[in-house]
Amino acid sequence: MRKQSLGLRNPDEIPVAGSTLRELMSENITVDQARIDLQGLGDPGNLLLEDDEVWRFRTPPWTWSTMSGVEGVVVLRDGLAAHWLVTRMN
């Protein structure tokens, strides 16, 4: 698992693969579900707080065919992207 701070930025303003992070966010999950999903991938430490909003994200299919695909979860605090935890990349 790769952890990257996003510095509390608006996900509409974070470019990812010709899109924005917000456009790639696909499913809202609970913090508990995120912890389950991340088991075995490394310790997220204190990156997941009970009041966080957690979303799954995945880059478009073309990024996977060009060996630049990324998926994982993004953590929002007060609607702003705090960080993402990349669970799969090629």
Side-chain angles (χ1 to χ4, degrees):
M1 174 175 42
R2 186 175 132 218
K3 307 166 194 174
Q4 180 178 354
S5 174
L6 299 172
L8 294 176
R9 294 173 53 202
N10 183 332
D12 294 310
E13 298 172 357
I14 300 173
V16 180
S19 189
T20 67
L21 182 56
R22 171 86 66 204
E23 292 170 328
L24 300 178
M25 293 164 43
S26 62
E27 180 186 4
N28 183 229
I29 61 174
T30 66
V31 169
D32 289 337
Q33 182 61 51
R35 286 187 176 125
I36 290 168
D37 289 355
L38 296 170
Q39 280 182 346
L41 297 176
D43 180 11
N46 62 350
L47 299 181
L48 294 169
L49 305 177
E50 289 305 316
D51 292 336
D52 287 341
E53 190 177 336
V54 183
W55 288 81
R56 288 190 173 107
F57 74 92
R58 181 179 171 92
T59 56
W62 68 264
T63 64
W64 294 88
S65 64
T66 60
M67 301 300 287
S68 59
V70 178
E71 73 177 21
V73 296
V74 60
V75 178
L76 303 184
R77 292 206 175 116
D78 298 321
L80 300 176
H83 45 267
W84 70 14
L85 306 169
V86 174
T87 58
R88 187 171 163 217
M89 60 192 305
N90 72 343

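The analysis underlying the following values was restricted to heavy atoms, covering all of them including side chains, and did not include hydrogens, waters or symmetry mates.
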Closest non-hydrogen contact found for G79 with R22 is O-NH2, 4.2 Å

Over all atoms of both residues, closest heavy-atom pair of G69 and N90
N-OD1, 2.7 Å

Closest heavy-atom pair and its distance - R77, N46
NH2-O, 4.0 Å

In Å and rounded to the nearest 0.5 Å, what is the NE2 to CG distance from H83 to L76?
9.5 Å

Do W84 and V16 come within less than 4.5 Å of each other through their side chains, counting heavy atoms only?
yes

Between W64 and E71 the two heavy atoms that sit nearest each other are CZ2-N, 4.0 Å

Side-chain heavy-atom pair V75, L47 within 4.5 angstrom cut-off:
no

How long is the straight-line distance from CG of D12 back to CG of N10, given to the nearest 0.5 Å?
4.5 Å

Distance check, rounded to the nearest 0.5 Å: T30 atom OG1 versus I36 atom CD1?
7.0 Å

Taking everything shown except D78 itself, do over 12 heavy atoms lie less than 6.0 Å from its CG?
no

Side chain proximity check, N28 to E53, heavy atoms < 4.5 angstrom:
yes

Working to the nearest 0.5 Å, report the span between CD of E50 and CG of D32.
6.0 Å

Would a 4.5 Å heavy-atom cut-off, applied to side chains only, mark T87 and D37 as touching?
no

State, with a plain yes or no, whether a side-chain heavy atom of L85 is found less than 4.5 Å away from one of L41.
no

Grouping I, L, V, M, F, W and Y whenever their side-chain heavy atoms are under 4.5 Å apart, do F57 and L38 come out in a common cluster?
no

Can you see which heavy atom on A81 is nearest to which on V74, and at what distance?
CB-CG2, 4.2 Å

Closest non-hydrogen atoms of P11 and M25, given as atom of the first, atom of the second and distance, are CB-SD, 4.1 Å

Does the side chain of L48 come within less than 4.5 Å of V73's, by heavy atoms?
no

Establish whether L8 and L21 are linked, either directly or via other cluster members, by ILVMFWY side-chain heavy-atom contacts under 4.5 Å.
no

Quick one: does Q4's side chain get under 4.5 Å of V86's, heavy atoms only?
no

Looking at side-chain heavy atoms only, is the closest gap between T59 and L24 below 4.5 Å?
yes

Quick one: pull up CE in M89 and OG1 in T63 and give me the separation to the nearest 0.5 Å.
10.5 Å

